[in-house]
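To start, the structure under review is shown below, and the notes come after it.
Bear in mind the structure is a predicted one, so any value in this text is a computation, not a measurement.
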Amino acid sequence: MTLFGFYALLVMIVSLFIVIPPYFFIFTFMPKSKAPFRAHKVSRFWAKLLFTCFFIKVEVKGKERIKPKEHYVFVCNHRSQLDIPLFAMACVNPFRFLAKVEVTRIPLVGYVVKKLYITVDRKNMKNRVQSFVKMQNSLVRENISMVIFPEGTRNRTEKPLIDFKDGAFRLAIETKSPIAALAIFHSGELSPADRFMQLKPGTLKAIWTEPIPTHNMSWEDAPLLKEQVRKRLLEALGSSQS
């Protein structure tokens, strides 16, 4: 797995030189209103390229539950860095990840993150508020979905899920956006979160759960919504581990 991990790192570096030029062209020359939609197509191509080179097969069920022209607050379980490109392959809808500000310091990758996603400095309350406003604008004004890992970090435990943060659910209620969860299988087995530079080929599976509308909810309903989403994810994760 370690040797394959180094091979994957080399593939990742080479792939950056393939996708950075189209990203640069899109963000430099296209109108800001259209750039994220075109960039999402590049992201999906990039994800497919990586998984092909990693000899990882991707199977996604329940795609019909997600309306392509609708915006959502998306959430998923999180055990591996593979979850990020997997989400790009699983979702036709343009979206932005909420990413840690530290990611912007990675060469080339940081450029894409700054241009395409929304970053947050978790230690800075003012920055956290600004990030929340940017996410609201993405959903309401730009019709671009948001992807938030409600666990806040990769799950390194034996539990199927660790405790959820409130942000994704408050955002969905505040913007009256439906919230939809993607249950991801086997990513932690192919690339363990607690093992540096390890990867192996295999099959990643994912299942979309039924979206939950929020247009009749208020902020007081956030804890209930959080439990509803958590329950749906747990049910999906328990329904098909094969």
Can you list the steps and then say if Val109 with Met12 is a side chain to side chain contact (heavy atoms under 4.5 Å, CB included)? CA-CA 10 Å; Val109 172; Met12 178 69 179; 4.1 Å; yes
Going hydrophobic residue to hydrophobic residue with side-chain gaps under 4.5 angstrom, can you get from [X] over to [Y]?
{"X": "Phe25", "Y": "Val19", "answer": "no"}
{"X": "Val92", "Y": "Leu116", "answer": "no"}
{"X": "Ile144", "Y": "Ile66", "answer": "no"}
{"X": "Val101", "Y": "Ile148", "answer": "no"}
{"X": "Phe4", "Y": "Leu82", "answer": "yes"}

Nearest-0.5 Å distance that lies between atom [atom1] in [X] and atom [atom2] in [Y]:
{"X": "Lys200", "Y": "Leu190", "atom1": "NZ", "atom2": "CG", "answer": "6.5 Å"}
{"X": "Glu220", "Y": "Ile173", "atom1": "CD", "atom2": "CD1", "answer": "8.5 Å"}
{"X": "Leu139", "Y": "Lys134", "atom1": "CG", "atom2": "NZ", "answer": "14.5 Å"}
{"X": "Asn143", "Y": "Ser33", "atom1": "CG", "atom2": "OG", "answer": "12.0 Å"}
{"X": "Lys176", "Y": "Glu174", "atom1": "NZ", "atom2": "CD", "answer": "8.0 Å"}
{"X": "Leu182", "Y": "Asn77", "atom1": "CG", "atom2": "CG", "answer": "7.5 Å"}

Please check if the side chain of [X] supplies one atom and the backbone of [Y] the other of a donor-acceptor pair under 3.5 Å.
{"X": "Arg38", "Y": "Ile26", "answer": "no"}
{"X": "Asn93", "Y": "Lys67", "answer": "yes"}
{"X": "Ser177", "Y": "Ala172", "answer": "no"}
{"X": "Asp221", "Y": "Leu224", "answer": "no"}
{"X": "Thr209", "Y": "Ala181", "answer": "yes"}
{"X": "Ser80", "Y": "Gly188", "answer": "no"}
{"X": "Ser191", "Y": "Ser187", "answer": "no"}
{"X": "Ser131", "Y": "Thr119", "answer": "yes"}
{"X": "Lys115", "Y": "Thr28", "answer": "no"}
{"X": "Asp83", "Y": "Arg79", "answer": "yes"}

Does [X] reach the side chain of [Y], with side-chain heavy atoms less than 4.5 Å apart?
{"X": "Leu199", "Y": "Ile56", "value": "yes"}
{"X": "Val60", "Y": "Met89", "value": "no"}
{"X": "Thr153", "Y": "Ile162", "value": "yes"}
{"X": "Ile118", "Y": "Phe97", "value": "no"}
{"X": "Leu234", "Y": "Pro160", "value": "yes"}
{"X": "Leu237", "Y": "Phe185", "value": "yes"}
{"X": "Lys41", "Y": "Arg44", "value": "no"}
{"X": "Met1", "Y": "Pro192", "value": "yes"}

Inspect the contact between [Y] and [X] and indicate whether a charged nitrogen and a carboxylate oxygen are less than 4.0 angstrom apart.
{"X": "Glu59", "Y": "Lys61", "value": "no"}
{"X": "Glu142", "Y": "Arg96", "value": "yes"}
{"X": "Asp121", "Y": "Arg128", "value": "no"}

Residues, nucleotides or ligands: over 12 heavy atoms within 6.0 Å of Lys100 NZ: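 Open.
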State whether the number of non-hydrogen atoms from other residues, nucleotides or ligands found under 6.0 Å of Arg154 atom CZ is greater than 12. yes
Assess whether side chain to side chain contact (heavy atoms under 4.5 Å, CB included) is satisfied between Asp166 and Lys226, documenting all intermediate values. CA-CA 7 Å; Asp166 294 336; Lys226 180 167 65 174; 2.6 Å; yes
Indicate, with yes or no, if the rings of Phe87 and Phe74 have centres closer together than 6.0 Å. yes
Plane angle bin for [Y] and [X] - parallel if under 30°, tilted between 30 and 60°, otherwise perpendicular:
{"X": "Phe54", "Y": "Phe51", "answer": "perpendicular"}
{"X": "Tyr7", "Y": "Phe55", "answer": "parallel"}
{"X": "His78", "Y": "Phe149", "answer": "parallel"}

Run Phe164 and Leu233 through side chain to side chain contact (heavy atoms under 4.5 Å, CB included) and show every step you take. CA-CA 12 Å; Phe164 281 3; Leu233 263 178; 3.9 Å; yes
Over all heavy atoms of both residues, which pair between [X] and [Y] is shortest? Give the atoms and the distance, please.
{"X": "Lys48", "Y": "Thr52", "answer": "O-OG1, 2.8 Å"}
{"X": "Phe169", "Y": "Ile179", "answer": "CD2-CD1, 3.6 Å"}
{"X": "Phe132", "Y": "Gly167", "answer": "CE1-O, 4.1 Å"}
{"X": "Ala168", "Y": "Val75", "answer": "CB-CG1, 3.7 Å"}
{"X": "Ala39", "Y": "Tyr23", "answer": "O-CE2, 3.6 Å"}
{"X": "Leu161", "Y": "Glu151", "answer": "CA-OE2, 3.4 Å"}

So Tyr111 and Thr104, side-chain hydrogen bond (donor to acceptor under 3.5 Å, both in side chains) or not? Walk me through it. CA-CA 7 Å; Tyr111 168 79; Thr104 62; over 6 Å; no
Determine whether Thr175 and Gln136 satisfy the following criterion, side-chain hydrogen bond (donor to acceptor under 3.5 Å, both in side chains), listing intermediate values before the conclusion. CA-CA 6 Å; Thr175 59; Gln136 289 176 312; over 6 Å; no
Please report the C-alpha distance between Ser138 and Phe95 in whole Å, then the side-chain angles of each, then the deciding distance to 0.1 Å, and finally whether the side chain to side chain contact (heavy atoms under 4.5 Å, CB included) criterion is met. CA-CA 9 Å; Ser138 178; Phe95 61 78; over 6 Å; no
